[in-house]
Amino acid sequence: MKASKLIFATQREDPSDAEIVSHKLMIRAGLTRQVSSGIYNWLPTGKKVLHKVENIIREEMNNAGAQEILMPMVQPISLWEESGRRNQYGPELLIFQDRHENDFCLGPTHEEVITDLCKNILTSYKQLPVTLYQIQTKFRDEIRPRFGVMRSREFVMKDAYSFDLNQDGLDLTYDNIREAYLKIFNRFGLDYRLVKADSGAIGGSDSEEFHVLADSGEDLLAFSDKSDYAINAELLVELQEDQDPTSLEGKDSPDGKGKLKLKRGIEAGHIFKLGTKYSESFNLKIQGDKENITPYMGCYGIGASRIVAAAIEQNHDEKGIIWPISLSPYEVVIVEANPKSKEDIKAKCEDIYNLLVSNGVDVLWEDTDKRPGVKFADMELIGIPVMIIIGDKALKNNQLELKTRKDEKPIMVSHEDLLNTLKELN
RNA sequence: CGGGGCAUAGCGCAGCCUGGUAGCGCACCUGCUUUGGGAGCAGGUGGUCGCAGGUUCAAAUCCUGCUGCCCCGACCA
């Protein structure tokens with residue numbers, strides 16, 4: 001991609017209505033723009049990041065044997081009456097009527113639709129176990145949306161639903177998806193923790209959350225300093241009937257090993273064992289070898305758009321975003337340091353650009369005639385991990401100047417060593 | 001929903017108190033000079049001043065009502 005063709009609209013000043021750093025930086029770097037409270041446009045650079053998040057999720061879900069589907073955003077309210085959740089969900093469910101005066105809602109989650117669907121498509125116990133997932137826009141009419149796409153009303157989520165013959169099968173499937181989640185979060189390149197959680201409005205028994213660690217996180221997490229024990233502090237407060245989550249710091253860990261330590265996290269993933277709650281309320285029965293089976297369900301969510309904000313919350317400095325390479329809108333940017341004047345610099349850029357493109361590197365070529373300082377500042381704001389600077393210096397020594405986003409010091413490499421050096425930096 | 005704040009160009013803001021028909025910085029466009037860390041000069045584009053009423057010869061400015069957005073709280077995958 002050439003910067004001269006890219007709409008990336010960076011801004012020098014913080015937007016006045018943004019509070020947390022990820023929100024400010026997403027606006028300034030031209031990733032998103034607000035349409036209405038809790039509703040956002042995703043611009044080309046932001047969409048590219050979101051796409052990388054989605055693709056990592058997609059690949060690992062597919063590797064885990066899950067199958068991708070797409071369910072509708074608009075759902076008939078009758079399904080929510082059938083599950084009994086119409087009233088439980090309350091005003092967060094945005095309800096409206098079509099021209100025939102039938103009630104519909106914008107889907108905040110899809111247990112109802114998937115269970116209803118499976119009554120159609122699951123006809124034999126031989127089809128189980130099966131896990132279906134989608135990556136799709138959800139809508140929850142939050143009381144107070146805030147912090148940009150971190151807590152928005154409309155957001156992109158991957159939600160998966162599993163169906164098993166019995167509890168043992170569900171346990172196996174749950175562990176399998178849990179493993180896939182560990183791979184997904186590892187590939188994101190973020191510092192995260194897995195904690196025990198409350199299953200909340202979705203219902204069910206066991207539940208764990210994946211949290212991206214960040215001081216600005218809305219959730220407080222409690223960890224044992226001597227064991228793997230980790231829990232959402234709010235749940236622990238509930239279990240122990242404590243008053244205040246912060247009072248947990250330094251107390252004995254409930255598993256009897258070590259003391260509790262607290263950290264803040266952003267909830268980015270949540271996995272549940274639902275059991276038969278929805279299969280029962282929808283009367284989903286599958287023909288077994290002798291008798292009919294009410295399947296055991298699990299559901300598994302990842303907030304794809306929230307991951308983008310969480311990644312920034314965890315990885316930024318005073319200059320801007322510092323993407324982990326796997327989420328960066330571009331892996332490498334070529335900065336043309338002397339625009340206009342020197343034809344040989346442009347030719348060199350084109351050489352390198354073609355080399356990288358043909359080797360599958362996702363590269364941006366900053367070919368505009370902006371002054372070098374502006375280009376450096378923009379690219380650092382957007383947070384591209386590796387910059388290749390091509391100007392007089394590079395031409396004179398027939399070497400390329402590489403600078404990583406994290407490191408101030410440039411590295412000089414030869415044309416031939418470029419690909420290997422980039423691999424090492426990953 | 002309770003409490004607080006804001007609404008003037010794409011972004012950040014001034015003007016409002018004391019009414020006279022809109023301005024600054026950034027961005028954007030043109031030209032010239034510049035070019036390794038957010039350039040300079042000159043010229044230019046862009047605004048029914050959130051909406052609707054009212055007062056007045058005259059309203060961004062005063063009055064009334066409404067809407068939207070932000071922050072704190074309750075709530076929340």
Side-chain angles (χ1 to χ4, degrees), chain A residues 7-20 23-24 27-30 33-41 43 85 88-93 107-111 138-148 150-160 197-204 207-211 218-219 232 234 265-272 274 299-307 310 319-320 335-342 345 366 368-381 387-396 401 403 408 410:
Chain A
I7 301 291
F8 64 93
T10 56
Q11 283 175 192
R12 207 178 291 196
E13 286 172 283
D14 281 337
S16 65
D17 58 2
E19 198 69 12
I20 60 170
H23 188 193
K24 290 179 184 172
I27 304 288
R28 285 190 51 208
R33 285 294 135 89
Q34 178 167 318
V35 176
S36 183
S37 182
I39 300 176
Y40 289 84
N41 285 315
L43 309 189
R85 282 209 298 183
Q88 188 192 345
Y89 230 89
E92 222 174 282
L93 200 59
T109 177
H110 281 67
E111 282 81 9
K138 299 275 186 274
F139 192 94
R140 296 183 187 172
D141 200 359
E142 291 276 344
I143 295 172
R144 186 153 86 85
R146 62 188 113 170
F147 305 147
M150 188 74 83
R151 177 173 291 293
S152 52
R153 294 193 290 174
E154 189 174 301
F155 58 101
V156 178
M157 181 174 177
K158 186 284 301 177
D159 48 325
D198 187 3
S199 47
I202 302 285
S207 145
E208 290 169 290
E209 291 168 345
F210 289 73
H211 283 263
E218 291 192 83
D219 285 300
N232 189 312
E234 212 156 292
I266 298 162
E267 184 189 350
H270 202 158
I271 55 180
F272 301 84
L274 294 172
C299 79
Y300 318 89
I302 294 179
S305 42
R306 183 179 281 184
I307 290 286
K319 290 177 178 172
V335 174
E336 201 175 314
N338 286 5
K340 277 187 181 174
S341 52
K342 313 241 169 68
I345 285 174
E366 224 306 4
T368 65
D369 57 4
K370 289 177 188 159
R371 296 170 66 86
V374 177
K375 293 185 179 185
F376 295 143
D378 270 352
M379 293 306 115
E380 283 159 350
L381 172 62
M387 210 187 271
I388 300 172
I389 304 162
I390 298 179
D392 284 333
K393 277 192 214 167
L395 281 190
K396 211 175 289 170
E401 183 181 355
K403 212 186 244 185
E408 281 294 305

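Lettering of chains follows the sequences in order, A, B, ..., and the numbering in each one begins at 1. Computed from heavy atoms alone, side chains included, the values below leave out hydrogens, waters and symmetry copies. Model, not experiment: these values are computed from the prediction.
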I'd like a list of close polar pairs between nucleotides 3-12 of chain B and the protein, N/O only, cut-off under 3.5 Å.
unit_1	atom_1	unit_2	atom_2	d
B:G12	OP1	A:Ser16	N	3.0
B:G12	OP1	A:Ser16	OG	3.1
B:G12	O2'	A:Glu13	OE2	3.2

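Dashed line: the shortest gap from a side-chain N or O of A:Ser37 to OP1 or OP2 of B:G68 is not under 4.0 Å. For A:Arg371, a side-chain nitrogen or oxygen approaches OP1 or OP2 of B:A39 to under 4.0 Å. OP1 or OP2 of B:C71 lies within a sub-4.0 Å distance of a side-chain N or O belonging to A:Arg144.
Across all strands, A:Lys393 comes closer than 4.0 Å to base atoms (heavy-atom distances). At a threshold of 4.0 angstrom between heavy atoms, the contacts of A:Gln34 are confined to the sugar-phosphate backbone, with no base atom among them. Within the nucleic acid shown, A:Lys403 comes within 4.0 Å of at least one base atom, counting heavy atoms only.
Under the salt bridge (Lys or Arg N to Asp or Glu O under 4.0 Å) rule, A:Arg151 has a single partner from A:Glu19, A:Glu218, A:Glu267, which is A:Glu218.
Pair assignment for B:G73: B:C1, on the basis of Watson-Crick or G-U wobble contacts that are both within less than 3.5 Å. The nucleotide B:U21 finds no pairing partner, because no Watson-Crick or G-U wobble arrangement with both distances shorter than 3.5 Å includes it. In this structure, B:A52 and B:U64 make a Watson-Crick or G-U wobble pair, each of the two defining distances being under 3.5 angstrom. In this structure, B:C32 forms a base pair with B:G40, meeting either the Watson-Crick or the G-U wobble geometry with both donor-acceptor distances under 3.5 Å. When both pairing distances are held under 3.5 Å, B:A59 makes no Watson-Crick or G-U pair with any nucleotide shown. The partner of B:G10 is B:C26, judged by Watson-Crick or G-U wobble contacts that both fall below 3.5 Å.
Atom CD1 in A:Ile27 sits roughly 19 Å away from atom P in B:A27 (whole-Å rounding). When rounded to the nearest whole Å, the span between CG of A:Leu395 and P of B:G36 equals 15 Å.
In this structure A:Phe155 satisfies the ring-ring contact (aromatic ring centres under 6.0 Å, His included) test with no other residue, sequence neighbours excluded. Among residues two or more places apart in sequence or in another chain, the salt bridge (Lys or Arg N to Asp or Glu O under 4.0 Å) test is passed with A:Glu208 by A:Arg178. Residues passing the salt bridge (Lys or Arg N to Asp or Glu O under 4.0 Å) test with A:Glu209, sequence neighbours excluded: none. Under the salt bridge (Lys or Arg N to Asp or Glu O under 4.0 Å) criterion, A:Lys403 pairs with no residue, sequence neighbours left out. A:Asp141 meets the salt bridge (Lys or Arg N to Asp or Glu O under 4.0 Å) test with A:Arg153; sequence neighbours excluded.
In this model, no side-chain donor or acceptor of A:Asp392 finds a partner on the base of B:G36 within 3.5 Å. Contact of A:Glu380 with B:G37 (side chain to base): a donor-acceptor pair of N or O atoms is detected under 3.5 Å.
Closest contact between the side chain of A:Ser36 and the listed nucleotides B:C75, B:C69, B:G36 involves B:C69.
Nucleotides B:C62 and B:C17, compared at atom C1', are 11 Å apart to the nearest Å.
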